[in-house]
Amino acid sequence: MTAETQLAVTGIAADLASALTYYRERLGWPVSINARDRCLLLRTGDLIDGLILPAALGQPVAAELCTSMMSGPISTDDDKWRWTFFTECCRRENPELPPDLRSANVRTVPKGGHVMLPPHPESKLWRQPPEPNRSLPPWSAVVAVARRVLDRLT
């Protein structure tokens, strides 16, 4: 019995089970299903981290990361006000954002925290979808680009 079939037997929708399989097997991401809310959750801090930026800052940061050939997966929330940038794990024990980014409402997802993922890899909630076998940008590089962009905007 496949993982998708096992999940279907337990009452998880086939599309969610299929997306779970994709994120786990094709990307190697630590993803689980929240059956109560019928959503996919990515655990941060072991293989992957996340930075959450307001859309007004996220858009120019995404453009600069792309120009610098450091783009990575970016998802948005349902109302598209917040963008989550997925990065390599931060190498610091307690990653803390600089005050200028905190003041601009940039947030880190804490180690062991969870990020809700779009319900499937082709979802419109992916501004930049993840790709198998593609490296994630370093956490520190995304922070540096965000600071540079914020400095230009203010």
Side-chain angles (χ1 to χ4, degrees), residues 12 15-16 18-154:
I12 303 299
D15 58 339
L16 217 50
S18 175
L20 176 72
T21 299
Y22 176 83
Y23 290 128
R24 281 184 178 172
E25 294 178 9
R26 298 284 315 275
L27 301 176
W29 288 7
V31 177
S32 61
I33 290 182
N34 177 325
R36 184 184 52 134
D37 295 332
R38 303 188 63 77
C39 65
L40 297 169
L41 299 174
L42 170 76
R43 180 179 160 83
T44 60
D46 296 321
L47 298 173
I48 191 167
D49 273 330
L51 291 166
I52 303 171
L53 284 68
L57 180 59
Q59 189 165 9
V61 167
E64 187 159 327
L65 286 168
C66 185
T67 300
S68 302
M69 299 182 70
M70 290 189 292
S71 62
I74 304 167
S75 69
T76 64
D77 55 11
D78 287 333
D79 60 11
K80 302 200 180 0
W81 285 98
R82 298 222 168 262
W83 292 24
T84 301
F85 288 70
F86 296 91
T87 70
E88 292 178 349
C89 276
C90 178
R91 302 209 190 284
R92 290 191 234 148
E93 185 63 32
N94 294 312
E96 188 171 318
L97 291 172
D100 55 342
L101 290 181
R102 288 195 314 267
S103 295
N105 292 315
V106 175
R107 301 289 178 254
T108 61
V109 180
K111 183 175 180 153
H114 291 90
V115 175
M116 190 164 47
L117 291 175
H120 56 83
E122 296 83 27
S123 171
K124 292 183 181 192
L125 294 176
W126 282 112
R127 294 288 300 174
Q128 174 71 40
E131 298 175 29
N133 304 315
R134 184 165 181 187
S135 298
L136 296 169
W139 186 90
S140 58
V142 176
V143 169
V145 168
R147 292 188 82 194
R148 189 168 44 244
V149 168
L150 182 62
D151 190 48
R152 276 198 315 257
L153 294 175
T154 55

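The first residue in the sequence is number 1, and the count goes up from there.
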[atom1] of [X] to [atom2] of [Y]: how many Å apart, nearest 0.5 Å?
X    : Y    : atom1 : atom2 : result
T76  : W81  : OG1   : CH2   : 12.5 Å
D100 : L150 : CG    : CG    : 5.5 Å
I74  : L53  : CD1   : CG    : 9.0 Å
L41  : M116 : CG    : CE    : 7.5 Å
I33  : C39  : CD1   : SG    : 9.0 Å
L20  : E25  : CG    : CD    : 8.5 Å

Problem set entry | Verdict with reasoning, L51 to W139, per side chain to side chain contact (heavy atoms under 4.5 Å, CB included) | CA-CA 8 Å; L51 291 166; W139 186 90; 3.4 Å; yes
Any donor-acceptor pair under 3.5 Å from [X] side chain to [Y] backbone:
X    : Y    : answer
S68  : M70  : no
R24  : V31  : yes
T44  : G113 : yes
R102 : L97  : yes

Problem set entry | side chain to side chain contact (heavy atoms under 4.5 Å, CB included) between Y22 and H120, worked out | CA-CA 8 Å; Y22 176 83; H120 56 83; over 6 Å; no
Exercise. Going through the checks in order, is the side chain to side chain contact (heavy atoms under 4.5 Å, CB included) test met by D49 and V109?
Worked result: CA-CA 7 Å; D49 273 330; V109 180; over 6 Å; no
Within 6.0 Å of [atom1] in [X], more than 12 heavy atoms from elsewhere:
X    : atom1 : result
N133 : CG    : no
Q59  : CD    : no
R152 : CZ    : yes

Nearest heavy-atom neighbours spanning [X] and [Y]:
X    : Y    : answer
A146 : V61  : CA-CG2, 3.6 Å
G58  : F85  : O-CZ, 3.4 Å
T87  : P138 : CB-C, 4.2 Å
I48  : R43  : CG2-O, 3.8 Å
G72  : P137 : CA-CD, 3.7 Å
V149 : E64  : CG2-OE1, 3.5 Å

For this session: Under the side-chain hydrogen bond (donor to acceptor under 3.5 Å, both in side chains) rule, what do R127 and S71 come out as? Steps first, then yes or no, please.
Result: CA-CA 11 Å; R127 294 288 300 174; S71 62; over 6 Å; no
For this session: For the residue pair W126 and Y23, categorise the inter-ring angle as parallel (less than 30°), tilted (30 to 60°) or perpendicular (more than 60°).
Result: tilted
Is there a side-chain contact between [X] and [Y], using heavy atoms and a 4.5 Å cut-off?
X    : Y    : value
P98  : V143 : yes
P60  : L153 : yes
L125 : P119 : yes

